[in-house]
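Note that the numbering runs from 1 along the sequence shown for the chain.
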Amino acid sequence: MAACHSTFDFRLYDFQTKNMKLTLKIWRQKNAAAEGKIVEYPIDGIEPDMSFLEMLDILNDELIVKGEDTVAFDHDCREGICGMCSLYINGEAHGPDRLVTTCQLHMRKFKDGDTIFIEPFRAKAFPVIKDLVVDRGAFDRIQQSGGFVSVNTSGNTIDANTIPIPKHDADRAFDAATCIGCGACVASCKNSSAMLFVSAKVSQFALLPQGKVEAADRVMNMVAQMDAEGFGNCTNTGACEVECPKGISLENIARMNREYLSASLKG
């Protein structure tokens with residue numbers, strides 16, 4: 001048997017991890033009423049395999065040692081599920097990577113010596129609480145206005161798994177349901193539109209038989225609440241889909257528009 005020869009040249013590989021020195025320009029704002037500003041922070045010793053939030057943790061540790069106020073930023077699961085870690089990094093929601101949240105963004109996406117601008121999501125409906133933390137309660141209120149199925153659980157109930165659903169519809173409903181409500185779509189839209197978020201929440205029910213009964217009320221109520229919260233109209237530029245960490249499709253917006261038109265004609 002012929003010997004197996006590797007084509008990988010180990011002489012070209014750098015086995016030493018090179019730590020990075022960066023300049024962070026971070027939005028600091030004491031509260032919603034205060035004026036904010038960009039503050040510069042040099043930071044050193046950042047490993048490429050660190051997550052972006054770990055890098056901010058290191059910065060805050062240094063600020064604590066210096067007796068300075070730490071940078072406030074939202075985070076929870078750090079697994080790309082909750083959407084709380086939403087940051088605007090170098091002009092992009094969740095930063096330069098695709099289909100990841102900020103907590104899944106790694107520092108290898110940046111280079112030694114880079115300057116990184118870090119800001120909160122900008123939208124009238126997302127007021128700043130402090131520094132990089134915004135109030136996304138508007139999304140909760142939209143969801144509460146109709147993003148659910150009312151089920152009478154008293155008496156004879158039907159097992160949802162016994163209702164036949166075409167696989168194509170089930171797959172599309174699941175894809176819409178993967179929206180984590182992070183707000184990247186709003187932050188990426190020049191009109192601060194929430195239509196991708198709302199359409200995902202409408203679509204996940206519109207595609208299933210369980211959601212048909214309340215379909216008209218659901219879309220009318222959720223769109224009305226979206227408008228009441230102060231979100232803008234869709235720009236049709238597709239930036240929301242590009243920046244969405246879950247890849248929610250623009251097809252959902254088209255579906256929501258059809259649902260809304262149908263409900264309006266019935267009403």
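Using a cutoff of 4.0 Å between basic side-chain nitrogens and carboxylate oxygens, Lys109 and Asp114 are not scored as salt-bridged. Residues Asp49 and Arg108 are paired through a salt bridge, judged by an N-O separation under 4.0 Å between the basic side chain and the carboxylate. Look at Asp140 and Arg136 and you find no salt bridge, because none of the NZ, NE, NH1 or NH2 atoms lies under 4.0 Å from a carboxylate O. A salt bridge links Arg172 with Asp169: at least one charged nitrogen is closer than 4.0 Å to a carboxylate oxygen. Look at Asp57 and Arg78 and you find a salt bridge, because one of the NZ, NE, NH1 or NH2 atoms lies within 4.0 Å of a carboxylate O, short of that distance.
Neither side chain, Thr101 nor His94, offers a donor N or O lying under 3.5 Å from an acceptor on the other. With 3.5 Å as the limit, one finds a donor-acceptor pair spanning the side chains of Asn252 and Ser203. Side-chain contact annotation: Ser150 with Glu214, donor-acceptor N/O pair under 3.5 Å present.
Across Lys37, Arg28, Lys30, a single residue satisfies salt bridge (charged side-chain N to carboxylate O under 4.0 Å, His left out) together with Asp131, and that is Arg28.
Heavy atoms from other residues, nucleotides or ligands lying under 6.0 Å from CG of Asp171 number more than 12. Within 6.0 Å of the CZ atom in Phe174, the count of heavy atoms belonging to other residues, nucleotides or ligands does not exceed 12. Around CD of Glu251, the count of heavy atoms belonging to other residues, nucleotides or ligands within 6.0 Å does not exceed 12. The environment of NZ in Lys124 is sparse: at most 12 heavy-atom neighbours from other residues, nucleotides or ligands sit within 6.0 Å.
Among all heavy-atom pairs drawn from Leu56 and Leu87, the shortest one is CD1-CD1, 3.8 Å. When all heavy atoms of Ile89 and Gly95 are compared, the pair lying nearest together is CB-CA, 3.7 Å. For the residue pair Ile248 and Glu241, the shortest heavy atom distance occurs at O-CG, 3.3 Å. Across all non-hydrogen atoms, the minimal contact from Ser145 to Gln225 is OG-CB, 3.8 Å. Heavy atoms only, all atoms of each residue included: Cys189 and Thr235 are closest at SG-CG2, 3.6 Å. Between Ile142 and Val198, the shortest heavy-atom contact is CG2-CG2, 3.9 Å.
Distance alone, capped at 3.5 Å, places no donor-acceptor pair between the Ser262 side chain and the Arg258 backbone. No donor-acceptor distance shorter than 3.5 angstrom exists from the side chain of Gln29 to the backbone of Val128, with no hydrogens or angles considered. When atom types are taken as modelled, the side chain of Asn31 and the backbone of Lys130 share no donor-acceptor pair closer than 3.5 angstrom. Remark: the backbone N or O of Cys179 is paired with a side-chain donor or acceptor of Lys201 at under 3.5 angstrom.
The hydrophobic cluster containing Leu250 also contains Tyr260, counting ILVMFWY residues as joined when their side-chain heavy atoms lie under 4.5 angstrom apart, directly or transitively.
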